[in-house]
Amino acid sequence: MSNNSTKILFSSTLISGLLISLCANSWLGAWMGLEINLLSFIPLLSSYKNMFSTEASLKYFLIQAIASSTLLFLILLKTNMHEMFYLTKISTWNDFIMIPLLMKIAASPFHWWLPSVVEGLSWMNCFIILSIQKIAPLMLISYMLINNYFIQIVIISSALMGAIGGLNQISLRKILSFSSINHIGWMLTIMILGSNLWLLYFIIYTINIISIMSLTAMINLSYISQSFNSINNQKIIKFTLFIAMLSLGGLPPFLGFFPKWIAIQFMAQNLMLFTSTILIMTSLLTLFYYMRMMYTTLMITNSEILWTISIYPKYMYSKIIMFSLMILLLGMLVCTLFMSMY
């Protein structure tokens with residue numbers, strides 16, 4: 001997509017589809033908003049300069065079309081049997097209707113499409129898929145989520161698949177997609193507890209994703225091996241990038257630990273000991289592959305050239321780095337003080 005006016009048009013309809021889903025008072029209205037959102041995002045994905053993005057957009061369209069048609073079929077099937085808002089009274093139908101929504105947000109065991117789709121996209125489109133495109137399905141899931149065996153299986157499998165799947169990856173896009181699957185498990189767990197804290201979790205997750213993807217797009221980083229000997233004359237970029245990754249993994253005292261801290265406290269109060277243990281152990285696994293990459297890049301394979309010319313002028317990255325560092329390092333303190341006031 002080279003035409004900026006076209007990008008603005010489809011971006012505005014994408015946001016309007018999202019808002020229609022969030023503001024809908026019927027399931028058909030929510031489905032219509034999801035479809036507008038999907039059909040606006042497909043042209044943003046495809047690019048004549050990159051054949052991988054065209055392949056990824058086709059995969060994304062097929063998966064989302066299957067999920068949308070299944071959702072519409074289940075809604076019409078249920079409304080033919082009962083009236084529209086009877087859906088919330090039978091938990092089995094809630095589970096059926098959640099399946100296409102879980103496929104849309106790539107929750108395990110419906111996660112298989114996300115890493116292959118993300119691999120062929122630009123960093124901007126990766127950000128949209130991993131954050132903005134998940135808002136409407138997550139909100140619809142939160143309307144009817146209750147604690148049962150089905151959702152517990154989804155939570156535990158999402159946490160495990162997101163942690164184990166990223167261990168053998170060398171692509172940063174795939175690592176972030178598996179990390180996103182792991183975070184879905186945390187968000188669904190917070191939804192079960194009956195609070196809107198998942199919105200706080202999602203906002204902080206989005207802040208971490210913005211910090212990571214703005215830096216990787218700026219230095220054109222796609223694979224772990226590229227970070228070994230790149231930008232050695234600008235160490236501050238590397239430090240900021242890895243601080244953002246550790247924050248995404250949930251390492252204290254960074255910002256990403258704050259929502260997990262609250263979630264663990266809520267799970268302990270509700271005696272969800274097994275689920276909390278699985279989520280904490282899988283978070284340690286995600287931290288392991290971020291730490292492994294950071295340790296290798298900064299200590300083992302690090303090399304410096306004595307005579308070098310910086311190709312990244314200061315004005316190009318100083319604002320992004322200072323903003324990211326301030327948010328990631330001081331965000332935990334600000335959030336803690338804000339919560340202690342109430």
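No experiment lies behind these values; they were computed from the predicted model shown.
Using a 4.5 Å heavy-atom threshold, the side chains of Trp27 and Leu74 count as separate. Looking at heavy atoms from C-beta onward, Leu34 lies out of side-chain contact with Leu38 at the 4.5 angstrom threshold. At least one side-chain heavy atom of Leu200 sits less than 4.5 Å from a side-chain heavy atom of Ile262. The closest side-chain heavy-atom distance from Ile141 to Ile105 is below 4.5 Å. Annotation: side chain of Leu176 is not in contact with side chain of Val118 (no heavy-atom distance under 4.5 Å). No side-chain heavy atom of Ile190 sits under 4.5 Å from any side-chain heavy atom of Phe266. Side-chain contact between Thr286 and Thr282 is absent, with no heavy-atom pair separated by less than 4.5 Å. With a 4.5 Å cut-off on side-chain heavy atoms, Val117 and Ile63 do not count as touching.
Looking at every heavy atom in both residues, Ser108 comes nearest to Ser158 through N-OG, 3.0 Å. In this structure, Trp186 and Ile280 approach most closely via the heavy-atom pair CZ2-N, 4.2 Å. Closest non-hydrogen pair, Ser46 versus Ser53, comes out as C-OG, 4.1 Å. Contact record, Ile181 with His111: CD1-CB, 3.6 Å, taken as the closest heavy-atom pair. Pairing each heavy atom of Ser211 with each of Ser214, the nearest pair is O-OG, 3.1 Å. Residues Gly166 and Ile175 come closest through the heavy atom pair O-CG1, 4.2 Å.
Counting only residues at least two apart or in different chains, ring-ring contact (aromatic ring centres under 6.0 Å, His included) contacts with residues 56-78 comprise Phe41-Tyr60, Tyr60-Trp113.
Side chain of Ser276 to main chain of Ile264: no donor-acceptor pair is present (N/O by atom type, distance under 3.5 Å, no hydrogens or angles). Side-chain atoms of Asn37 never come within 3.5 Å of backbone atoms of Gln133 as a donor-acceptor pair (strictly under, hydrogens ignored). A donor-acceptor pair is defined here as one N or O able to donate and one able to accept, closer than 3.5 Å; such a pair exists between the side chain of Ser12 and the backbone of Ile8. Remark: side-chain polar atoms of Ser142 are paired, donor with acceptor, to backbone N or O of Met139 under 3.5 angstrom. For the pair Lys260 (side chain) and Gly249 (backbone), a donor-acceptor distance under 3.5 Å is present. Side chain of Ser21 to backbone of Ala30: a donor-acceptor contact under 3.5 angstrom is found. Trp123 contributes a side-chain N or O that, together with a main-chain N or O of Leu221, makes up a donor-acceptor pair within less than 3.5 Å. Checked by atom type and distance alone, the side chain of Asn182 never pairs as donor or acceptor with a backbone atom of Phe178 at under 3.5 Å.
When the side chains of ILVMFWY residues are joined at heavy-atom separations under 4.5 Å, either directly or via intervening members, Ile97 and Ile155 end up in a single hydrophobic cluster. No continuous path of ILVMFWY side-chain contacts below 4.5 Å connects Tyr289 to Tyr223, so the two sit in separate hydrophobic clusters. Linking ILVMFWY residues whenever their side-chain heavy atoms come closer than 4.5 Å, directly or via other members, places Leu167 and Leu114 in the same cluster. In terms of hydrophobic clustering, with Ile, Leu, Val, Met, Phe, Trp and Tyr side chains grouped at heavy-atom distances under 4.5 Å, Met293 and Ile209 are assigned to a common cluster. Connection of Ile151 to Leu71 is established within a shared hydrophobic cluster, with ILVMFWY side chains joined at heavy-atom distances below 4.5 Å, either directly or through further cluster members.
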Check the pair Met103 / Thr70 against side chain to side chain contact (heavy atoms under 4.5 Å, CB included), numbers first and verdict last.
CA-CA 10 Å; Met103 186 183 289; Thr70 308; over 6 Å; no
Stepwise, does the side chain to side chain contact (heavy atoms under 4.5 Å, CB included) test hold for Thr206 with Phe127?
CA-CA 9 Å; Thr206 305; Phe127 165 71; 3.8 Å; yes
I would like to know whether Leu193 and Met272 meet side chain to side chain contact (heavy atoms under 4.5 Å, CB included); could you show each step before the answer?
CA-CA 10 Å; Leu193 301 174; Met272 297 172 65; 3.4 Å; yes
Full working for side chain to side chain contact (heavy atoms under 4.5 Å, CB included) between Met32 and Leu28
CA-CA 6 Å; Met32 184 178 68; Leu28 285 175; over 6 Å; no
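Summarising the geometry, atom CG belonging to Leu39 is positioned 10.5 Å from atom CG belonging to Leu14; distances are rounded to the nearest 0.5 Å. Interatomic distance, Met267 CE to Leu273 CG, rounded to the nearest 0.5 Å: 10.0 Å. From Ser283, atom OG reaches atom CD1 of Ile278 across 11.5 Å, with rounding to the nearest 0.5 Å. One distance of note links CG of Leu215 with CE of Met218; it measures 5.0 Å at 0.5 Å rounding. Trp31 CH2 to Ser69 OG: the interatomic distance, rounded to the nearest 0.5 Å, is 9.0 Å. Put simply, CG on Leu246 and CZ on Phe257 are 13.5 Å apart, with the number rounded to the nearest 0.5 Å.
For the side-chain contact (heavy atoms from CB on, under 4.5 Å) with Ile212, the lone residue among Leu241, Ile207, Ile243 that qualifies is Leu241. Partner His183 forms a ring pair (Phe, Tyr, Trp, His ring centres under 6.0 Å) with one of Trp198, Phe202, Tyr205 and no other, that one being Tyr205.
In this structure, Met291 places its CE atom where only 12 or fewer heavy-atom neighbours from other residues, nucleotides or ligands lie under 6.0 Å away. In this structure, Ile170 places its CD1 atom where only 12 or fewer heavy-atom neighbours from other residues, nucleotides or ligands lie under 6.0 Å away.
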